[in-house]
Amino acid sequence: MRRTLLGLLFLPCLVLAATSEDPLKSSMWDFHRQRLLGTEPVLFDERVLLEVPPFAEDARQVPIRVDASALAGQVVRMVAWAELNPIPHIFTFHPHSPQVRPMLAIRIRVEQATALRAAVLTRDGVWHVGSARIEAAGGGCTAPSVVRSEPGWEQRLGQVHGARFPRGEVSRLRLRVDHPMDNGLTAGIPEFFLNQAELRDASGKALATLELFPAVAENPTIGLEVGGQEATRLWLRDNNGNEFEASL
């Protein structure tokens with residue numbers, strides 16, 4: 001009887017932490033789930049933290065942070081999207097090494113108030129989804145480019161500004177890449193954006209790969225966490241075939 005009572009006491013917490021019902025009740029959820037997550041089972045899981053500001057003060061530069069550290073060692077893939085953006089997909093992240101924590105911070109564009117999702121695929125074939133809603137005045141995806149209005153932006157293309165910040169056994173990598181990240185929604189300007197990134201160790205082995213999409217903000221900023229103090233290199237390529245690399 002005692003074991004039964006203890007089980008009942010903990011049951012509500014488990015139901016609250018992981019459920020198959022969309023907490024945001026979004027009409028777009030099923031569409032994006034089928035397109036981005038496939039047929040694997042899905043749980044809305046509070047262990048996947050999706051941190052966003054309540055309101056996008058600048059809809060062209062909205063910071064988001066996805067942290068699935070509670071599932072460390074089990075994560076195969078991370079996917080994020082903004083449901084009502086004209087180009088919803090934000091990134092797909094593959095941490096190949098346990099040295100790379102399942103955490104990614106990035107700045108994005110939002111076109112209007114929208115639901116945001118971060119889905120984490122674990123080794124057992126289950127998607128764990130974190131959700132958030134952000135309010136926005138709108139226009140972040142269709143606003144004119146700020147980068148292209150700056151003189152000499154072509155000469156700075158692909159420059160990486162970053163640093164490594166030790167935090168005990170973990171180092172946080174924070175960087176910004178000079179790139180217009182054109183999404184093709186401005187008249188006369190075709191898509192021109194960073195679409196691939198790879199974090200490598202000193203020997204060139206891939207520790208993590210990152211696929212980027214035009215929902216990412218201009219001059220994208222990226223934050224990662226890596227265990228240990230070994231040197232790393234970041235390789236990037238845009239959809240025009242330009243390649244860039246920097247030591248971190």
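The chain is numbered in sequence order, starting from 1.
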Checklist entry - Within the distance-only criterion (no hydrogens, no angle test), does the side chain of Glu225 pair as donor or acceptor with the backbone N or O of Pro102 below 3.5 angstrom? => result no
Next on the checklist: Does Glu83 form a side-chain hydrogen bond (donor to acceptor under 3.5 Å, both in side chains) with Trp29? I'd like the steps, not just the answer.
Outcome noted: CA-CA 8 Å; Glu83 287 191 349; Trp29 160 249; over 6 Å; no
Item to check | Test side-chain contact (heavy atoms from CB on, under 4.5 Å) applied to Asp67 and Arg65, step by step | outcome: CA-CA 6 Å; Asp67 188 348; Arg65 181 174 179 269; 3.2 Å; yes
Item to check | Arg176/Thr221 under side-chain hydrogen bond (donor to acceptor under 3.5 Å, both in side chains): CA gap, chis, key distance, verdict | outcome: CA-CA 4 Å; Arg176 191 196 79 211; Thr221 61; over 6 Å; no
Checklist entry - Is there a side-chain hydrogen bond (donor to acceptor under 3.5 Å, both in side chains) between Thr209 and Gln196 once you walk through the steps? => result CA-CA 8 Å; Thr209 55; Gln196 295 182 58; over 6 Å; no
Checklist outcome for this item: Between Leu84 and Gln112 the two heavy atoms that sit nearest each other are O-NE2, 3.4 Å
Checklist entry - Can you tell me if Asp238 uses its side chain to pair, donor with acceptor, with the backbone of Asn240 under 3.5 Å? => result yes
Checklist entry - Given side chains that start at C-beta, do those of Phe165 and Ser171 come closer than 4.5 Å, heavy atoms only? => result no
Checklist entry - NE2 of His128 to CZ of Arg47: how many Å apart, nearest 0.5 Å? => result 6.0 Å
Checklist entry - Within the distance-only criterion (no hydrogens, no angle test), does the side chain of Arg156 pair as donor or acceptor with the backbone N or O of Asp178 below 3.5 angstrom? => result no
Next on the checklist: So that I know where these two stand, are His179 and Phe192 an aromatic pair - ring centroids less than 6.0 Å apart?
Outcome noted: yes
Checklist outcome for this item: For Arg117 and Ser26, the nearest pair of non-hydrogen atoms, with its separation, is NH2-CB, 3.4 Å
Checklist outcome for this item: Smallest heavy-atom separation, Ser20 atom then Leu43 atom, equals N-CD2, 4.4 Å
Checklist outcome for this item: In terms of heavy-atom contacts, Val76 and Thr122 come closest through CG2-C, 4.0 Å
Item to check | Under 3.5 Å donor-acceptor, Arg172 side chain and Val226 backbone | outcome: no
Next on the checklist: Test your reading of the model: is there a side-chain donor-acceptor pair from Ser247 to the backbone of Arg233, 3.5 Å cut-off?
Outcome noted: no
